[in-house]
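Throughout, protein chains are lettered first and strands after them, A, B, ... in sequence-line order, and every chain is numbered starting at 1.
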Amino acid sequence: MPELPDVEGYRRVLASCAEGRRVERVEVSDAGVLRGVTPQRLRRELTGHRFGAPERHGKWLIARTDGPTVLLHFGMTGDLLCRPHDEPPHPHDRVTLALDDGHDLRYRDQRKLQGLWLAATEADMDRILGDQGPDALSVSRAELDRLLAGRRGRVKATLTDQSVVAGLGNLLGDEILWRAGIHPARPTAGLSAEERARLEREMRGVLRTSVRAGHVPTGPSWLTGRRDDPDPHCPRCGGPLRRTRMAGRTTAWCPRCQPDGS
DNA sequence: AGAAGTGTTGTTTC
DNA sequence: TGAAACAACACTTC
């Protein structure tokens, strides 16, 4: 599931594959991933333009060119690949940008929950991205304190709210809370300064390691690696993990390591 | 073999 | 305000 670390990986793919390259051809094999733009307009406005340095904000990939900017969101199953022209297409390749050096940039996505947008101006981009909090990688201790202040909901919902902090999804949220020893259903407003400090420290640590790996690691010492086991146990204390639904998503936590505060 | 589960959004409802 | 429920999507698992 693409979260910040995965999208950072796609940003690197985009940088190494396309930066400085010209778009020779635009192939839309499934317009279901195009948002607010027709295949014709995408082809017309993008062909001939050269990619600049790509950016990322939260889970959004920002592909600037010397013309319009392409905005990509990967939903649950999106992927971005750099492949030679002659490599056979994958059934889930929805959009292919043929570049002037013999490579394709391919947006591959099974489920088409999100897709590609085209922004002609900065105002377009702001409208498409909506209300985004600061990127999670750039959030300092003091800033996280400010972001959490005054929040009424549960800490899990707050952490994964893109308008509070951009980039944390379901897996990262659970992983960070588990490492910080904080129960996901705790009210954000009830966290102590010490707990907020742990949250901030674990957020940095988890992000640093995950960004390096290009995804949330699934090793034996990670909650992410255990949470989908048939009978999941806590990598830290060995006790059974709990799984419930919170804010519409499966939430995993360790009742021993993450006291509910009651 | 049909239903539930999967996590990302935005929207709707309470 | 928060949060739950739902839709959208395609595929896997029960």
With A:R179 as the cation and A:W222 as the aromatic partner, state whether NZ or CZ is under 6.0 Å from the six-membered ring centre and within 45° of the axis.
yes
Nearest-Å distance, CZ (A:R35) to P (B:dG10)?
11 Å
Quick one: label A:R245 by what it contacts on the DNA or RNA (base, sugar-phosphate, nothing), any heavy atom closer than 4.0 Å.
sugar-phosphate
Report the secondary structure of DNA chain C in dot-bracket form, marking unpaired bases with a dot and bases paired to a different strand with |, and treating Watson-Crick or G-U pairs with both distances under 3.5 Å as paired.
.|||||||.|||||
Any side-chain donor paired with an acceptor under 3.5 Å for A:R245 and A:T250?
yes
Just how far, in rounded Å, is P of C:dA10 from NE2 of A:H90?
14 Å
Whole angstroms only, please: what is the CZ-P distance between A:R111 and B:dG5?
14 Å
In whole angstroms, how far is the P atom of B:dG10 from the NZ atom of A:K112?
20 Å
Can you figure out which of C:dC11, B:dT8, C:dA3 approaches the side chain of A:H92 most closely?
C:dC11
How are the rings of A:F74 and A:Y10 set to each other: parallel, tilted or perpendicular (split at 30° and 60°)?
tilted
Given DNA chain B, 5'-ward residue of the pair A:M76 and A:L129, judged by closest heavy atom
A:M76
For B:dT6 and A:T250 - does any side-chain N or O of the residue sit under 4.0 Å from the phosphate oxygens OP1/OP2?
yes
Figure out the CH2/C1' separation between A:W117 and B:dG10, and round it to whole Å.
11 Å
Euclidean distance, atom CG of residue A:N170 to atom P of B:dT6 [Å, nearest integer]
10 Å
Please tell me whether A:C17 and A:C82 are bridged, where bridged means their SG atoms are separated by under 2.5 Å.
yes
Specify the separation, in whole Å, of atom CZ of A:R152 and atom P of C:dA3.
11 Å
Tell me: CG of A:D30 to P of C:dC11, nearest whole Å?
11 Å
Is any side-chain N of the basic residue among A:D30 and A:R94 closer than 4.0 Å to the acidic one's carboxylate O?
yes
Closer than 3.5 angstrom, by distance alone: can the side chain of A:R196 be matched with the main-chain N or O of A:R141 as a donor-acceptor pair?
no
Flag the pair A:K112 and A:D109 as a salt bridge only when some basic side-chain nitrogen lies within less than 4.0 angstrom of an acidic carboxylate oxygen.
no
